[in-house]
Amino acid sequence: MSIEFHLKNVLLEALASLYNYSATDAEATLQPTRKDMEGDFTVVVFPYTKISKKSPEQTAKEIGEYMKTNLPEITGFEVIKGFLNVKIDTHIWINFLNKTYPNQHFGCPRKGLNDEVYVVEYSSPNTNKPLHLGHIRNNVLGHSLSRIFEANGKKVAKVNLINDRGIHICKSMLAWQRWGNGETPQNSGKKGDHLVGEYYVLFDKEYKKQIAELMADGMKEEEAKKNARLIQEAQEMLRLWEAGDADTIALWKMMNGWVYEGFTQTYTQMGVDFDRFYYESETYTTGKKFVLEALEKNILFQKPDSSIWVDLTDEGLDQKLLLRADGTSVYMTQDLGTAALRHGDYDFHKHVYVVGNEQDYHFVVLKMVLAKIGFKWANYLHHMSYGMVELPEGKMKSREGTVVDADDLMEEMIKTSREISQELGKLDGMSEQEATQLYRMIALGALKYFILKVEPKKNMVFNPRESIDFNGNTGPFIQYAHARIQSVLRKATEQGLHVEGDLPENLVLDKKEINLIRTVRQFTLIVAEAAQNMSPAVIANYLYELVKDYNQFYHDYSILKEEKPELRNFRLRISELVGRVVKHGMYMLGIDVPNRM
RNA sequence: GGACGUAUAGCUCAGCUGGAUAGAGCAACGGCCUUCUAAGCCGUAGGUCUCUGGUUCGAAUCCAGAUACGUUCACCA
């Protein structure tokens, strides 16, 4: 039983014995004592003054006395302004270390501890242009969340729904067909997704020109947008695609192939991966069946033009189209279908969609419609809604060319990482290959941490200059702590220092040392909380706290030069444990940590 | 207009289910490397927690309203 359990019990006893009051579990609350105060656990006694009919100070004193005499682990207490701060015998903390040290699973991923399957859909790009900063937040969040679930014992399936069909892809195809002169990634040396993206931009440029011309001839803007030759040709191409026209399909396959090669490179560089890809071209019709069935059962209704709708006015929402008059699917229909398909594939207990908050409404409706149709698992769907990424100058706008390209950004950061590393010159003797790996590790650590430390649902400002900073609350700061710990441990081994067996319980430790143990001990709770809240930021902020504590400890105490062996052993142990927590915590953020930097 | 979200230091962000003097980093200024990695540590300065009211022994935190900003309410995805 944990010390918290015993403390709580004795607190309940105290209330019963002193004031003849049987408190509920919730009324007996315990919190960790603030770092700047003396003590380990704090009881806030204000709520008890009603039953004690005494001042907070007097009540705290009485409860403190009772607890101390009835629980030997309590070595003392202090009352400050109605707060009862209880001090615990150090051997409790040493015990924790002795128990935890051999447990390699402490804070480690505990894959497949139970059989619940969680599906996490993330990334889900369109295939008409390369990935940008917004996608980076999506990918990094989805990847991290998957690992957090795994660490909590879930089986996780990471899935990516590729939006590989539709008018936007046709725009790129049309522009390439018309102005491409047979340009390919091979003959131009361009990355496939970037090349396709260029033609998408080119389409837009030419399309705008046509609109302007039509408007100059007196046409209204709205009409000009519909009547421009280019857009009509793109729509015709989409029709051909849906009809299975061989040439169109061939062109589509070729250009999508280029994009996939590009995406694969970007994903590899980013360090994210997937268990399964779904393609919209293969699934976009699957929802239709369910819609028609539901119509039979009168769950949905049909308008005179024969389009099919769901009525959500009773739920306080609008009517929503599910099938067009010509029988083709819309976005909602497709998502209904893929959700059902996935449930068939995985029989999931939770299905998380990592999708931006501009689609909040869509997912509310999706869940409602699935429930209405009669799928009990509709409740298992969860939209992990995250905020937009903005630049210091404001929103990213593709039209104004302010979009930060994912590949460019990563490359830029790796370059900076190399420059700073070489300037610091700590990598002498490291092979070129190792060093190159390290630059990437640091750059990606900086980028991912910068994004993940912010609460997902909040919009965030991405300042390229600050993200590339490697000091303060950053990924490299945490990576650096890991490298220093490993360096100490290496030296210990070189000097033949091995810590064996348990640490003696009667060690005398300083406040900062105990504090470090307490912070390490929290890790398990943090991992659970991160999964509960679906927030990698919980882990990021915890790791920062931990590393700050460790850096202080590292600065204030000698480890290898400590002369008392048992104290030196303790410091080596706690260092190793902090190192492990950092490594596993960073793993959950999708960030690697180096042994040297 | 309806719905949803956000508002904390000059900037970027923490602040758990209400608890002690509201915390970090960056930027500014000052100190610490003959000692385990200074990508580090310590210090100074910086606040009407958007505003108003309510609940409470106690509110940045909960509730109501106001204001500002963002998103959304497409036969786009």
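Within every chain, numbering begins at 1; the chains are lettered A, B, ... in the order of the sequence lines, protein sequences first and strands thereafter. The figures that follow rest on heavy atoms only: side chains count, while hydrogens, waters and symmetry mates do not.
Of the candidates B:C73, B:G40, B:C36, B:C73 carries the atom nearest the A:D318 side chain, counting heavy atoms from C-beta on. Nearest nucleotide to the side chain of A:S307, out of B:C36, B:C75, B:C41: B:C75. Set against B:U6, B:G70, B:G40, the side chain of A:M388 has B:G70 as its closest nucleotide. Residue A:R324 places its side chain closer to B:C76 than to any other of B:C42, B:A7, B:C76. Closest to the A:D360 side chain, of the nucleotides B:A20, B:C41, B:C4, is B:C4. With B:C36, B:A77, B:C75 as the candidates, the nucleotide lying closest to the side chain of A:L321 is B:C75. Each of B:A77, B:A20, B:C42 was ranked by its minimum atom distance to the side chain of A:R34; first place goes to B:A20.
Ionic pairing of A:R521 and A:E4 is present here: one or more N-O contacts between side-chain nitrogen and carboxylate oxygen are shorter than 4.0 angstrom.
Mapping A:L317 and A:F462 onto RNA chain B by nearest heavy atom places A:L317 closer to the 5' end of the strand. Taking for each of A:Y557 and A:F477 the nucleotide of RNA chain B with the nearest heavy atom, the 5'-most of the two is the partner of A:Y557.
Taking a pair to require two hydrogen-bonding distances under 3.5 Å in either a Watson-Crick or a G-U wobble arrangement, B:U56 remains unpaired. For B:C26, the paired nucleotide is B:G10, the pair qualifying as Watson-Crick or G-U wobble because both relevant distances are below 3.5 Å.
The aromatic ring of A:Y554 does not sit over the base of B:G40, since the test of centres under 5.5 Å and planes under 30° is not met. In this pair, A:F46 lays its aromatic ring flat on the base of B:G19, centres within 5.5 Å and planes under 30 degrees apart.
Ring centers of A:F470 and A:F477: at least 6.0 Å apart, outside the cut-off. In summary, the aromatic rings of A:F462 and A:F450 are positioned with their centroids under 6.0 Å apart. Remark: aromatic rings of A:H382 and A:Y353 are distant, center separation not under 6.0 Å.
Among the protein residues, A:S421 comes within range of the nucleic acid bases, having at least one heavy atom under 4.0 Å from a base atom. Counting non-hydrogen atoms under 4.0 angstrom, A:V454 reaches the backbone sugars and phosphates but no base. Counting any heavy atom pair closer than 4.0 Å across all strands shown, A:P47 reaches a base atom. As judged by a 4.0 angstrom heavy-atom cut-off over every strand, A:Y361 is placed among residues touching the sugar-phosphate backbone only. No engagement by A:F450 is indicated, since no non-hydrogen atom pair under 4.0 Å with the nucleic acid exists. Heavy atoms of A:I442 sit under 4.0 angstrom from at least one base atom. When heavy atoms are screened at a 4.0 angstrom cut-off, A:M460 is found touching the sugar-phosphate backbone but no base atom. Residue-level contact check: A:N459 touches the backbone only, with heavy atoms under 4.0 Å from sugar-phosphate atoms and none from bases. A:T42 comes within 4.0 angstrom of a base, heavy atoms only. A:N595 comes within contact range of at least one nucleobase, with a heavy-atom separation under 4.0 Å. Backbone-only engagement by A:E280 is indicated by non-hydrogen atom pairs under 4.0 Å involving sugar-phosphate atoms exclusively. Counting any heavy atom pair closer than 4.0 Å across all strands shown, A:D305 reaches a base atom.
The C1' atoms of B:A64 and B:G25 are separated by 36 Å, rounded to the nearest whole Å. Remark: the separation of the P atoms in B:A7 and B:A45 is 28 Å, to the nearest Å.
Between A:K81 and B:G19 there is no side-chain polar atom (N or O) within less than 4.0 angstrom of OP1 or OP2. Between A:N551 and B:C41, a side-chain N or O to OP1/OP2 separation shorter than 4.0 Å is present. Between A:K457 and B:U6 there is a side-chain N or O to OP1 or OP2 distance below 4.0 Å. Contact annotation: A:K303 does not reach the phosphate of B:C75 (side-chain N/O to OP1 or OP2, under 4.0 Å). Applying the 4.0 Å criterion to OP1 and OP2 of B:G40, one finds that A:N471 has a side-chain N or O inside that range. Listed pair A:R465 / B:G25 fails the phosphate criterion, with no side-chain N or O lying under 4.0 Å from OP1 or OP2. In terms of phosphate contacts, A:K548 brings no side-chain nitrogen or oxygen within less than 4.0 Å of OP1 or OP2 of B:A24. For B:U37, neither phosphate oxygen OP1 nor OP2 lies less than 4.0 angstrom from any side-chain nitrogen or oxygen of A:R490. For B:C36, neither phosphate oxygen OP1 nor OP2 lies less than 4.0 angstrom from any side-chain nitrogen or oxygen of A:S558. Put simply, A:K491 has a side-chain N or O that comes within less than 4.0 Å of OP1 or OP2 on B:U37. At B:G19, none of the side-chain N or O atoms of A:Q31 fall inside 4.0 Å of OP1 or OP2 (strictly under the cut-off).
The base of B:C26 has none of its N or O atoms less than 3.5 Å from a complementary donor or acceptor on the side chain of A:N473. Residue-to-nucleotide contacts include a donor-acceptor pair under 3.5 Å from the side chain of A:N85 to the base of B:A20.
The number of heavy atoms from other shown groups lying within 6.0 Å of NZ (A:K564) does not exceed 12.
Aromatic ring pairs are classed by plane angle as parallel below 30°, tilted from 30° to 60° and perpendicular above 60°; the pair A:Y284 and A:W241 is tilted.
Of the possible donor and acceptor atoms, one in the side chain of A:K453 sits under 3.5 Å from a partner among the backbone N and O of A:N473.
A cation-pi arrangement is present between A:R484 and A:Y554, with the terminal nitrogen or guanidinium carbon under 6.0 Å from the aromatic centre and inside a 45° cone about the axis.
Atom CG in A:N128 sits roughly 13 Å away from atom P in B:A77 (whole-Å rounding).
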| request: Dump the intermediate steps for salt bridge (Lys or Arg N to Asp or Glu O under 4.0 Å) on A:D311 and A:K320, then the final yes or no. | output: CA-CA 7 Å; A:D311 187 357; A:K320 196 83 187 165; over 6 Å; no
